[in-house]
Protein chains: 2
Amino acid sequence: MLASPTVENYLKAIYQGQSALADGQHVPMGQLAAALGVVPGTATTMVKALAESGLVSYEPYVGVRLTVAGEKLAVMVLRRHRLVELFLVQVMGMNWTEVHDEAEHLEHAVSDRLIQRIDAMLGHPQVDPHGDPIPDASGTVDRHEYHSLLTCPLNTRVTVTRVLDQNPTFLKFIEDCALMPGRAVEVTTRDTAADSVSVKTPDRTVTMGARAASKLLVQLETNPI
Amino acid sequence: MLASPTVENYLKAIYQGQSALADGQHVPMGQLAAALGVVPGTATTMVKALAESGLVSYEPYVGVRLTVAGEKLAVMVLRRHRLVELFLVQVMGMNWTEVHDEAEHLEHAVSDRLIQRIDAMLGHPQVDPHGDPIPDASGTVDRHEYHSLLTCPLNTRVTVTRVLDQNPTFLKFIEDCALMPGRAVEVTTRDTAADSVSVKTPDRTVTMGARAASKLLVQLETNPI
DNA sequence: TTGGAGATTTTGACTAATCAAAATATAATA
DNA sequence: TATTATATTTTGATTAGTCAAAATCTCCAA
């Protein structure tokens with residue numbers, strides 16, 4: 001029942017690997033190992049132990065998937081992480097680009113009691129500073145699809161809602177370009193050959209690679225659901 | 001240089017064991033093991049490793065003592081712990097009787113950067129909610145002697161300044177008796193035979209055992225240094 | 001259908017931290 | 001001084017988590 005920080009990190013990584021996949025798909029061991037910064041053999045060993053405790057289902061040479069119990073735990077780790085991140089920004093006045101690493105440690109140390117207080121103090125928020133949804137106390141996570149700067153309609157005002165990368169350097173770039181969550185922008189051109197996307201902000205027009213553009217999720221302003 | 005939570009806990013326990021002793025005295029292994037909730041053999045093994053890393057000096061069959069390096073580290077752990085405790089009370093509105101266990105976990109997870117912010121937010125406080133002194137950023141800890149309810153003059157107004165026990169049950173008892181840090185009280189009688197001390201608070205008179213009385217440190221109101 | 005290439009698993013070894021229980025040292029008592 | 005009680009150290013084993021490198025599997029392409 002008591003998951004070690006390591007176990008929590010495995011579950012979180014599997015959850016995040018899974019959420020990029022279609023339902024019922026398995027997360028390949030190589031990807032998991034890479035996400036956790038361990039060698040593949042280590043991931044295999046650990047995942048077999050997790051399967052033993054009923055937190056994941058593991059298919060050799062295929063990959064790993066969370067069970068209901070594992071997902072419940074993973075979501076709670078994510079809840080702690082994201083509430084802590086928002087707390088660090090809103091209450092402690094830290095920069096949204098630098099709270100991820102701090103939260104990475106604190107997510108394993110904060111008690112349920114403290115998390116409840118943080119949640120209440122912040123008014124039961126829906127999203128963290130990067131736009132990632134915060135699961136509620138019952139473990140329900142608001143999951144709906146967004147466009148990205150790569151898929152949204154051209155020359156249409158959209159609002160940045162989420163940044164799918166926690167790298168401080170990338171986040172600082174986003175901040176410099178005024179593309180943080182909440183900003184209204186407009187994709188002016190996409191150049192498939194150059195693999196680039198140009199985005200117009202109130203201040204200026206920024207051009208970035210497709211890979212970066214795909215990490216910026218947006219909502220159409222006219223279609224708020 | 002990077003101390004694991006376990007190492008931090010050992011250093012902290014040795015520091016606290018030491019501070020009840022005369023200068024240069026060794027903390028006996030049995031006491032250390034008991035404080036950490038491990039069997040004596042475990043403490044011996046660990047302490048030998050700490051000695052290897054230059055954090056403690058260890059004398060077989062005598063005990064263990066912090067080196068300068070070890071003390072520096074221990075003090076920083078204490079600083080984190082106490083700042084976190086005060087933060088939980090002042091900012092998060094938690095009860096002073098219940099913050100110790102939470103801080104016990106957080107002290108190993110908060111970064112220097114966050115601790116700095118907490119320290120600033122609280123206005124560089126001197127003591128935590130139990131009256132324990134908070135070492136400053138340079139590691140200087142304000143150490144001066146107090147009386148306890150067992151040693152202070154009789155029928156003289158004194159102020160409770162520190163409670164030397166983190167047990168929530170004990171703390172709740174102290175709270176119920178209105179003997180928390182800051183309260184003005186007066187010892188009316190001491191009964192050596194009955195091993196008891198009677199203390200007059202504004203509300204009522206409480207009688208407690210000598211062991212409990214010795215855990216309540218006080219300052220003479222007329223002699224504020 | 002037969003190689004590879006690339007991913008995955010296995011094997012053996014290692015570190016940190018722990019315990020149980022036997023061995024030993026120190027201190028206290030007779 | 002001899003004996004006993006108590007504290008401490010040793011020894012051998014265990015668990016969690018990890019790596020390096022060898023062995024194995026899967027799948028695509030020739």
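First the proteins, then the strands, lettered A, B, ... as listed; each starts at 1. All of these numbers come straight from a predicted model, not from anything done at the bench.
In this entry the distance linking OH of A/Y58 with C1' of C/dA7 reads 11 Å, nearest Å. C/dA7 atom C1' lies 13 Å from atom CD of A/Q31, rounded to whole Å. With rounding to whole Å, A/E59 atom CD is found 14 Å from D/dT26 atom C1'. With rounding to whole Å, A/Y61 atom OH is found 13 Å from D/dC27 atom C1'. Across the protein-nucleic acid pair, B/E52 atom CD and C/dT15 atom P stand 14 Å apart, rounded to whole Å. Distance B/M29 CE to D/dA7 C1': 11 Å, rounded to the nearest Å. Spacing between atom CG of A/L55 and atom C1' of D/dA16 amounts to 15 Å, rounded to whole angstrom units. In this structure, CG of A/L50 is placed 14 Å from C1' of D/dT18, rounded to the nearest angstrom.
Under 4.0 angstrom from either OP1 or OP2 of C/dT9 there lies no side-chain N or O belonging to A/K48.
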Under 3.5 Å, which protein N or O atoms sit close to an N or O of nucleotides 18-22 of chain C? Give each pair with its distance.
| residue | atom | partner | partner atom | Å |
| --- | --- | --- | --- | --- |
| C/dT18 | OP2 | B/Y10 | OH | 3.2 |
| C/dC19 | OP2 | B/V39 | N | 3.1 |
| C/dC19 | OP2 | B/T42 | OG1 | 2.8 |

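Applying the 6.0 Å contact sphere to CD of B/Q16 captures more than 12 heavy atoms from other residues, nucleotides or ligands. Surrounding NZ of A/K215 are more than 12 heavy atoms belonging to other residues, nucleotides or ligands, all under 6.0 Å away.
A distance of 8.0 Å separates CD1 in B/I134 from CZ in B/R79, rounded to the nearest 0.5 Å. To the nearest 0.5 Å, atom CG of residue A/N167 and atom CZ of residue A/F173 are 12.0 Å apart. Separation of atoms OG (B/S111) and CD (A/E104) is listed at 13.0 Å; rounding is to 0.5 Å.
Using a cutoff of 4.0 Å between basic side-chain nitrogens and carboxylate oxygens, A/E85 and A/R80 are not scored as salt-bridged. Ion pairing between A/R65 and A/E59 fails under the 4.0 Å rule for side-chain N and carboxylate O.
Classified by interplanar angle (parallel below 30°, tilted 30° to 60°, perpendicular above 60°), the ring pair B/W96/B/H130 is tilted.
Near DNA chain D, defined here as any heavy-atom distance below 4.0 Å, there are no residues from residues 100-112 of chain A.
Between the B/D191 side chain and the B/D195 main chain, no donor and acceptor come within less than 3.5 Å of each other.
The side chain of A/T44 lies closest to C/dT9 when the candidates are D/dT9, C/dT9, C/dA17.
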